[in-house]
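Down below is the structure, laid out as structure tokens.
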Amino acid sequence: MPESIELTKEETGLARTLDGARVAEEIKREVREKVALLAERSGVRPCLAAVRVGDDPASAVYVGNKVRTSEELGIRSEHHALPAEISGEELLALVESLNIRDDVDGILVQLPLPAQIDERQVLWAIDPAKDVDGFHPVNVGKLSLCQKTLVPCTPAGIIKLLERNKIAIGGAYACVVGRSHIVGRPLAQLLLQRDATVTICHSRTRDLASVTREADILIAAIGRTGFIRGEHIKRGAAVVDVGINKVADEAEARELFGSEAEKRIETIRRRGYTLVGDVHPVEADRVAAWRTPVPGGVGLLTVAMLMKNTLQAAIERRGIEINF
Ligand code: GUN
């Protein structure tokens with residue numbers, strides 16, 4: 001009889017971590033190196049203009065991270081923080097001034113915007129060549145036509161995460177739960193481009209679990225705490241959790257995290273809440289082979305891909321020929 005039998009993670013029922021932090025660090029290192037080479041060979045330093053309206057604390061943290069990371073990688077950045085009462089016309093005037101400035105390569109308007117502002121009008125006013133979020137219709141259209149373009153950061157980061165963990169996309173059955181313009185739809189396009197068979201599910205999908213349970217790659221982007229449970233997941237699947245939800249209730253944290261709950265409860269006591277994704281962590285880990293943690297998963301990749309897009313915009317809009 002053998003002394004010990006090596007069980008795979010799948011057999012032990014403990015999902016491995018799809019480590020967004022590691023892949024984000026890799027991408028940032030690559031961008032930093034290329035930014036330095038660009039400066040050395042062509043004297044260009046890319047510049048990102050980040051625009052934030054109002055004082056939503058989450059948006060302030062996100063934009064702060066984006067600006068700080070830019071500086072860390074050698075990308076110049078500008079933080080335009082505008083009052084919540086600003087009019088649509090004033091915001092459009094700022095966007096236009098950034099469009100025409102030759103030294104600005106990337107423009108990011110943090111969402112959501114206050115109710116008096118027409119979000120679509122603002123996003124559509126950004127020069128597509130500087131649209132580092134990939135939200136302008138020209139870039140959305142190019143993505144759906146499989147043309148090279150600026151791709152939305154979160155979906156692009158998820159693809160990198162899967163590829164760099166050698167999770168096969170070609171031929172896989174991928175299921176995206178959530179049909180937002182920021183994540184679900186562009187991610188479905190990227191998976192399809194890589195030869196996955198893709199289904200998009202949403203709030204009107206009938207018998208959701210019967211669909212998601214077929215998926216080799218399951219993406220949860222719905223914004224509901226712990227919504228994807230064991231019954232939704234195929235044994236051995238890779239589960240990517242895009243959700244970022246606040247949980248303040250200790251009993252809820254206990255139910256979600258089981259034996260790992262103590263650290264979360266400490267966080268709730270210290271900060272008032274803990275961050276939880278759209279996937280039920282304890283149940284998912286019994287079934288999936290891979291799962292992204294929250295926090296520390298997809299969110300870090302979004303910022304890394306924004307840096308990559310800013311570098312790409314700087315190179316392409318300036319017509320720089322450079323072989324890295
Ligand atoms: N709000 C939430 N996610 C995003 C994003 O990726 N880009 C922008 N601009 N706003 C967001």
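Throughout, residue positions are numbered sequentially from 1 according to the sequence presented. Atoms within a ligand are numbered from 1 in the order they appear, just like the ligands themselves.
Linking ILVMFWY residues whenever their side-chain heavy atoms come closer than 4.5 Å, directly or via other members, places I167 and I169 in the same cluster. Both L161 and V176 are members of a single hydrophobic cluster when ILVMFWY side chains are connected at heavy-atom separations under 4.5 Å. No continuous path of ILVMFWY side-chain contacts below 4.5 Å connects I265 to Y273, so the two sit in separate hydrophobic clusters.
Counting protein heavy atoms only, atom 11 (C) of ligand 1 is closest to Q110 NE2, 3.4 Å. Regarding atom 10 (N) of ligand 1, its nearest protein heavy-atom neighbour is L111 N, 3.0 Å.
In summary, the side chains of T149 and N139 do present a donor paired with an acceptor at a separation below 3.5 Å, with no hydrogens or angles considered. For the 3.5 Å distance criterion, the side chains of S77 and E71 qualify, holding a donor opposite an acceptor.
Each of the atoms 5 (C), 6 (O), 7 (N), 8 (C), 9 (N) of ligand 1 lies under 4.0 Å from some heavy atom of D133.
In terms of N/O distances under 3.5 Å, ligand 1 is not approached by F135. For the pair V109 and ligand 1, the shortest N or O to N or O distance falls below 3.5 Å.
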